[in-house]
There are 2 protein chains.
Amino acid sequence: MTARSTNTGEGSGAQDPHRDIPEATVARLPVYLRALTSLAERNIASCSSEELATAAGVNSAKLRKDLSYLGSYGTRGVGYDVDYLSYQIAREIGVTHDWPVIIVGIGNLGQALANFSGFSSRGFRTVALLDAAEQMQGRTVAGLEVRPFADLAEIVAAEQVSIGVISVPATAAQDVADAMVEAGISSILNFAPAVLNVPPGVDVRKVDLSIELQILAYHESRKAAEADETVDNGSEEGITA
Amino acid sequence: MTARSTNTGEGSGAQDPHRDIPEATVARLPVYLRALTSLAERNIASCSSEELATAAGVNSAKLRKDLSYLGSYGTRGVGYDVDYLSYQIAREIGVTHDWPVIIVGIGNLGQALANFSGFSSRGFRTVALLDAAEQMQGRTVAGLEVRPFADLAEIVAAEQVSIGVISVPATAAQDVADAMVEAGISSILNFAPAVLNVPPGVDVRKVDLSIELQILAYHESRKAAEADETVDNGSEEGITA
DNA sequence: CGGAGTTTGTGACCACGAGAACAAACTCGC
DNA sequence: GCGAGTTTGTTCTCGTGGTCACAAACTCCG
Ligand SMILES: NC(=O)c1ccc[n+]([C@@H]2O[C@H](COP(=O)([O-])OP(=O)(O)OC[C@H]3O[C@@H](n4cnc5c(N)ncnc54)[C@H](O)[C@@H]3O)[C@@H](O)[C@H]2O)c1
Ligand SMILES: NC(=O)c1ccc[n+]([C@@H]2O[C@H](COP(=O)([O-])OP(=O)(O)OC[C@H]3O[C@@H](n4cnc5c(N)ncnc54)[C@H](O)[C@@H]3O)[C@@H](O)[C@H]2O)c1
């Protein structure tokens, strides 16, 4: 999605491994960062790729390859310094400073999100909660006052917000997204089960519960079917155990 | 370079449509299903791959290829019958009948999930809410009584549950997962920011807010860096917009 | 009834990602 | 100081998935 292959021609090289990190790697960096944080909390100062890979639930070769895209921050024969690597990953992701975030749609889900502490502890700070409903106005959720949706542009400009979370009903999602883009937001996390249409340059990621469950259901169905077949003829490709 | 033509050698042939649906396709089928449902609600009886692809936010060739894995359910020169295709996809996913689901951890997020209607309308039925905390016992959330975590095995057996949702704090997630597996659950949707270890045969999918936000932050950082560079040397490939 | 137009289904091709394997680089013991 | 042992960074290979393009199959109209 929105592959941004800027293909920089200049060979300043050296301190420029900041280009071309594969999307799949980007998606795993936060997992590594969390694993490292967990190690640091247990006062572990350094670790091998094998240990970190286990903690992150991936293959150690994959981990090393991923880390190699950011640079060479390990020491052969030794491993990685936990704090140093944490900082490098955080820097690469861009969470060394906090990002201001707004949440639009303070219903069941929006309130849970607003109360979610993991937000603030991982590089993000909820600066405003917005809702269109009259009865939500003035209410305080998670220490923040719920503000009218009409204030969106003003808030985004004042707080330099570039990331917005959508937790409104699916029917309103596109309108909210349009308003967000109009206000200057360029990254959207969408919880509504709707396909969002945004101009190029704006990133959208979706979190969709129903889809996840349906994927599980698909595999579950096949497990059941396979069990039936095994009873039936017993000859399945050597899956062993 | 790296122009490897995978040279498969044998013509494999023999389509057995119900086998071997690529994971990427499985992940998109629910999106198509939702788009079809939306069309059906607008009394649209048939559609072309182009229309459906637009509604689902994908490329039409990809859509056709995805659908071709399930069989040949379209009519050339005409398109797809909405109801018929909906049924075929639902059947393939395995959501023609409802799946019983339990939710463990009825805190902020768990309550939002329990109240989430999209659950029940898309092939799933929440049959029980479980929580370990004393003060949650006996409370009613979304019309269901919160039951003690100790009842897990009993409930799973009685209701034939194979899908479980985890929304407990990260520190408790592995314990809950272990108990679920022990009780016979073979598909887990995990909202806790923790890497779960499960035996083979058990599927885990995770929904991780922090990770999604960090991925957005990464791209956001690069957008900012790119803007700087553009100011710097002004030589950027015509991005237009 | 036949040709023009339309849309599906699929084969070919290419880019991306996963994993195994190994050389380079470092530490430690002697 | 040097060899043995360890662990990283990288290369190579292969499978998966995305996109293009087109033949096959269907409808419609004259
Ligand atoms: N509840 C869940 O667990 C859950 C899970 C997954 C996805 N979702 C999705 O998240 C979204 C929100 O779910 P919810 O349960 O919180 O719904 P909800 O109805 O409780 O809350 C929606 C909120 O959005 C506000 N709103 C509506 N239109 C708006 C607009 N145009 N601008 C600003 N605010 C507006 C409403 O006033 C309301 O407060 C839905 O799309 C739902 O499908 C919810
Ligand atoms: N709130 C959010 O929006 C949000 C978003 C993303 C992820 N998460 C994650 O979801 C999880 C739950 O979040 P929350 O905000 O609902 O937390 P919460 O503290 O409000 O609720 C957790 C619930 O789990 C119960 N619990 C604890 N240990 C248990 C155990 N061993 N067995 C059964 N129940 C147990 C607690 O009694 C509590 O009711 C956390 O891991 C959090 O990181 C939350």
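Here the structure is a predicted model, which is why all the values come from computation and not from measurement. Proteins get letters first, then strands, A, B, ... in listed order; numbering begins at 1 in each.
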*asked:* Between P on D/dG9 and CG on A/Leu63, what's the gap in Å once rounded to a whole number?
replied: 10 Å
*Which nucleotide in the set D/dA23, C/dT27, D/dT8 lies at the smallest distance from any side-chain heavy atom of A/Val78?*
C/dT27
_Whole angstrom value for the distance that separates C1' of D/dT27 from CZ of B/Arg76_ = 14 Å
*Can any side-chain N or O of A/Trp99 pair as donor or acceptor with the backbone N or O of A/Gly94 at less than 3.5 Å?*
yes
_A/Tyr69 OH - D/dT8 P separation (whole Å)_ = 17 Å
*Report the nucleotide, chosen from D/dA23, D/dA21, D/dT8, that has the shortest atom-to-atom distance to any side-chain atom of B/Ala61.*
D/dA21
*Checking all strands, does A/Glu50 fall into the base, sugar-phosphate, or nothing category for heavy-atom contacts under 4.0 angstrom?*
nothing
*So, does B/Ser167 use its side chain to make a donor-acceptor pair with the main chain of B/Gly105 at under 3.5 Å?*
yes
*Report yes if a side-chain nitrogen or oxygen of A/Ser49 is closer than 4.0 Å to either non-bridging phosphate oxygen (OP1 or OP2) of D/dT7; otherwise report no.*
no
*Tell me what B/Ala24 touches on the nucleic acid: a base, only sugar-phosphate, or nothing, going by heavy atoms under 4.0 Å.*
sugar-phosphate
*Indicate whether OP1 or OP2 belonging to D/dT7 is found under 4.0 Å from a side-chain N or O atom of A/Ser48.*
no
*If you check the B/Pro22 side chain, which of C/dT7, D/dG9, D/dG17 turns out closest?*
D/dG17
*Could you tell me if the ring centre of A/Tyr73 sits under 6.0 Å from that of A/Tyr84?*
yes
_Atom-to-atom span, NZ of B/Lys62 to P of D/dT16 - whole angstrom_ = 17 Å
*Rounded off to whole Å, could you give me the CG-to-C1' distance for the B/Asp66 and D/dT16 pair?*
13 Å
_Side-chain N or O of A/Tyr73 closer than 4.0 Å to phosphate OP1/OP2 of D/dT7_ = no
*Could you tell me whether the side chain of A/Tyr80 reaches within less than 4.5 Å of the side chain of A/Leu67, counting heavy atoms only?*
yes
*Would you mind telling me which residue lines up with the more 5' stretch of DNA chain C, A/Arg64 or A/Thr25, judged by nearest nucleotide?*
A/Thr25
*Please determine, for the side chain of B/Lys65, which listed nucleotide (D/dG9, D/dA23, C/dA12) has the closest atom?*
C/dA12
*Taking CG from B/Leu67 and P from C/dT7, how many angstroms apart are they, rounded to a whole number?*
16 Å
*asked:* Output the rounded distance in Å from CD (B/Glu23) to C1' (D/dG15).
replied: 15 Å
*Could you tell me the separation between the CG atom of B/Leu52 and the C1' atom of C/dT7, rounded to a whole number of Å?*
13 Å
*Would you mind telling me which residue lines up with the more 5' stretch of DNA chain C, A/Asn59 or B/Thr75, judged by nearest nucleotide?*
B/Thr75
*Heavy-atom count around B/Glu23 CD within 6.0 Å, excluding the residue itself: above 12?*
yes
